[in-house]
Every structure is written in structure tokens, then in C-alpha cells.
Amino acid sequence: MSEYSSLLSDLSDNITNEDLDQLKSACKEDITEDQSNTITSSKEWFSYLEKNNKLAQDNLSYIEHIFEISRRPDLLTRVIEYRTTVLKISEDDEIDTKLTRIPSAKKYKDIIRQPSEDEIIKLAPPPKKA
């Protein structure tokens, strides 16, 4: 079994039917209601994501995003661990995709940047108490 298959199997083992409903709900922009109703297991969900180019052995950002918004840090941690140990992609290398994980944010990719030192607003210290 490949490490990628092992990852998906491990994730599947930790997704209950209730979790699956929550994950499918988080994907409602990408999965129609009819398609969502036909997905009855986490393995089918992963398979659907792979067929629709949302998930691949070297592209896990979509499920990272879904696990993040579904508040499943345990699953997110497993995916990040796979990404950093197996794919050798660190958090720093991932910074560009982190900013564009949400499909609607892609159009802002070129304007998202860190402010320069001149652009940072400096706040005055708080007044001293008498």
C-alpha cells in the first residue's frame, strides 16, 4: 500500500458518518446535492474528490482547507504530517497555496502580500494611569 493510500485509509478510519455529512456540507460549492446524496462513505468522498481534481497524491490543499473549516485539527495534522514528511513540502513552501486555498481567493493572489515597514501603522503607547 502506498503512503498516499495509507493516508486516505487512516483518514477514512477517523471519519464518522456524522463527520462525513459535515465535510460534504463544507464542499457544497463543489459537490451538487444530488452527487452529495450518492456519497455514503469517506472512501467514496475521497474518490469523488480525486475524480474531480480536488485531491491528488501531491495536491492536498483542498482537503486541508475542508478539514480546517470543518474544525478537524486531528485530520488536518495527519495531512500536514504527510505533506511535510512524504512530499517534503514545508509550511514555508506552502505559503502561496495557503493564501489561495479558497477558490474565490485565487483572483486576489497577486495582490495579497505582506505590508512594507512604511505601510504598517504604528500605534502610540497607551496613556499612563495617574
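Computed from a predicted model, the values in this text were never measured in an experiment.
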Measuring from atom [atom1] of [X] to atom [atom2] of [Y], what distance do you get when rounded to the nearest 0.5 angstrom?
X     : Y     : atom1 : atom2 : result
Leu7  : Arg78 : CG    : CZ    : 9.0 Å
Ile15 : Asp21 : CD1   : CG    : 11.5 Å
Asp19 : Ser42 : CG    : OG    : 9.0 Å
Ser36 : Asp30 : OG    : CG    : 11.5 Å
Gln22 : Cys27 : CD    : SG    : 11.0 Å

Between [Y] and [X], is there a side-chain heavy-atom distance shorter than 4.5 Å?
X     : Y     : value
Val79 : Leu11 : yes
Gln57 : Tyr82 : yes
Ile31 : Trp45 : yes

Is there a donor-acceptor contact under 3.5 Å from the side chain of [X] to the main chain of [Y]?
X     : Y     : result
Asn37 : Glu33 : yes
Ser12 : Leu8  : yes
Lys54 : Tyr62 : no
Asp10 : Ser6  : no

Quick one: closest heavy-atom pair of [X] and [Y], and the distance?
X     : Y     : answer
Ile66 : Ala26 : CD1-O, 3.7 Å
Ser9  : Lys43 : OG-NZ, 4.4 Å
Glu50 : Tyr4  : OE2-OH, 2.5 Å

- So, Thr77 versus Glu81: side-chain donor-acceptor pair below 3.5 Å or not?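 Result is no, nothing qualifies.
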- Test side-chain hydrogen bond (donor to acceptor under 3.5 Å, both in side chains) on Ser61 and Asn59 and set out the steps. CA-CA 6 Å; Ser61 61; Asn59 182 8; 3.2 Å; yes
- Task: I would like to know whether Glu64 and Arg83 meet salt bridge (Lys or Arg N to Asp or Glu O under 4.0 Å); could you show each step before the answer?
- Result: CA-CA 10 Å; Glu64 284 184 36; Arg83 177 171 41 83; 2.9 Å; yes
- Task: Please assess Leu60 against Ile63 for the test side-chain contact (heavy atoms from CB on, under 4.5 Å), listing each intermediate value before the final yes or no.
- Result: CA-CA 6 Å; Leu60 305 163; Ile63 61 169; 4.3 Å; yes
- Message: Once side-chain contact (heavy atoms from CB on, under 4.5 Å) is applied, do any residues pair with Ser47, and if so which ones, sequence neighbours excluded?
- Response: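 Checked Ser47 against side-chain contact (heavy atoms from CB on, under 4.5 Å); matches are Lys51.
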- Query: Going through the distances and angles, do Asn14 and Leu75 end up as a side-chain contact (heavy atoms from CB on, under 4.5 Å)?
  - Reply: CA-CA 8 Å; Asn14 289 283; Leu75 301 177; 3.9 Å; yes
- Under 30°, 30 to 60°, or over 60°: which ring-plane class applies to Phe46 and Phe67, parallel, tilted or perpendicular?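 Rings of Phe46 and Phe67: perpendicular, as their planes differ by over 60°.
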- Taking only residues two or more places apart in sequence or in another chain, which ones pass salt bridge (Lys or Arg N to Asp or Glu O under 4.0 Å) with Asp74? Arg72
